[in-house]
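Everything below concerns the one structure shown next.
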There are 2 protein chains.
Amino acid sequence: MPRLTIGDLAKATGTKVETIRYYERIGLLPEPGRTGSNYRSYDEEHLGRLSFVRRARDLGFSLDQVRELLGLADQTDRSCEAVDAIARQHLTEVERKIVDLTALRDELAEVIERCNHGTVAECRIIAALAPVPAG
Amino acid sequence: MPRLTIGDLAKATGTKVETIRYYERIGLLPEPGRTGSNYRSYDEEHLGRLSFVRRARDLGFSLDQVRELLGLADQTDRSCEAVDAIARQHLTEVERKIVDLTALRDELAEVIERCNHGTVAECRIIAALAPVPAG
DNA sequence: CTTGACCCTCTAGTGACTACAGGGTGCATA
DNA sequence: TATGCACCCTGTAGTCACTAGAGGGTCAAG
């Protein structure tokens, strides 16, 4: 089994070294063994676990959700109901964010559209923000 | 001119009291006068300024952007080019976020779709995260 | 034997708040 | 007059998910 330094692991997973140490500190990744000179020493299992974390993060799961998913992934003969629930909850959140941002975009676009490129005093963007016409 | 306590201002703008103090601390709002018992005392101008900040925040501008917009709003006879630029830049960011989140939603939905509600070992959601089939 | 790339720990910073802890003030009510 | 409650004050620390830096040790190549 080949041994990896933290830098190797970082390269293999597209993670910064500091982030790996951070994940270890918060208990998301297990403490690896150490070499004689106190360097962290990883194997394939660590690589798999970190890859899991990164893929889940790329899908927008929070670290708490990733922690839960990791815990569930180990209990292979349980029903995957809980996994499904976490994923669906996350999907709902993402969909809500899209709705919110879309409304925001429309409002912003409208405000910008109205700008006649004159002075600040006449600016519709500022007017849209200010509660009174600067009296 | 009616005087407002920080609580009045909070109610009038839908802002938490702590947030108003925070805005003052970071120099986004001017330090108000104080009463004999050291309570902050606000007037209509403070109300206008905080309303401006909140509307800009609701439109998703960062505090740094709000600071810039506030500075620009005071120079009424300048061209509103800079205002327009900030707003357009923000719009671009919002649009990029929508694109990213939409791609994310599609990927998540696909992963969830494939879940056959069996055991964790067979779970397609976990499989989509794990790099190897748990060998 | 020195240079440079890597590794270590520990601390503090980011954005935009939020939440205490530990006090003081003001007003109404019994 | 006491007391209770809602409000105000300062200051500090917590949130999330990292990121950056200080100040040092290790290792391989030339």
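- Salt bridge annotation for B:Arg54-B:Asp58: absent, with no cationic side-chain nitrogen under 4.0 angstrom from a carboxylate oxygen.
- Looking at the side chain of A:Leu63, the nearest of the listed nucleotides C:dA16, C:dT9, D:dC18 is D:dC18.
- At the phosphate of D:dT10, OP1 or OP2 sits under 4.0 Å from a side-chain N or O atom of B:Arg34.
- Heavy-atom contacts from other residues, nucleotides or ligands closer than 6.0 Å to CD of B:Gln65 number more than 12.
- Backbone-only engagement by B:Tyr23 is indicated by non-hydrogen atom pairs under 4.0 Å involving sugar-phosphate atoms exclusively.
- For residues 107-116 of chain A, the set of pairs meeting the salt bridge (Lys or Arg N to Asp or Glu O under 4.0 Å) definition, not counting sequence neighbours, comprises A:Glu110-A:Arg114.
- The nearest whole Å value for the distance from the CG atom in A:Leu9 to the P atom in C:dC7 is 10 Å.
- Rounded to an integer number of Å, the gap from CZ of B:Arg3 to P of D:dC8 is 15 Å.
- Put simply, B:Ser37 has no side-chain N or O that comes within less than 4.0 Å of OP1 or OP2 on C:dG24.
- B:Ile26 places its CD1 atom 8 Å from the C1' atom of C:dA16, with the value rounded to the nearest Å.
- The residue A:Ile6 sits close only to the backbone: its heavy atoms come under 4.0 Å of sugar-phosphate atoms, none of a base.
- For A:Asp64, the side chain to side chain contact (heavy atoms under 4.5 Å, CB included) test picks out A:Ser62, A:Arg67, with sequence neighbours left out.
- Of the candidate nucleotides C:dA16, D:dC9, C:dC7, C:dC7 has the atom nearest to the side chain of A:Tyr39.
- With a 6.0 Å radius and a threshold of 12 heavy atoms from other residues, nucleotides or ligands, B:Arg21 has its CZ atom above the threshold.
- Neither OP1 nor OP2 of D:dC16 sits under 4.0 Å from any side-chain N or O of A:Arg57.
- Nucleotide C:dC7 holds its C1' atom 13 Å from the CD atom of A:Glu24, rounded to whole Å.
- Side-chain atoms of B:Glu122 come within 3.5 Å of backbone atoms of B:Thr119 as a donor-acceptor pair (strictly under, hydrogens ignored).
- Side-chain contact check for B:Leu70 versus B:Asp74: every heavy-atom pair is 4.5 Å or farther apart.
- Taking atom CD on A:Gln65 and atom P on D:dC16, their separation rounds to 12 Å, with Å as the unit.
- B:Asn38 has its CG atom 13 Å from the P atom of D:dC8, to the nearest Å.
- The separation between B:Asp64 atom CG and C:dC17 atom P is 12 Å, rounded to whole Å.
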Table of protein N/O atoms under 3.5 Å from nucleotides 18-23 of chain C N/O atoms:
unit_1 : atom_1 : unit_2  : atom_2 : d
C:dT18 : OP2    : B:Thr19 : OG1    : 3.2

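- Across the protein-nucleic acid pair, A:Glu93 atom CD and D:dC16 atom P stand 13 Å apart, rounded to whole Å.
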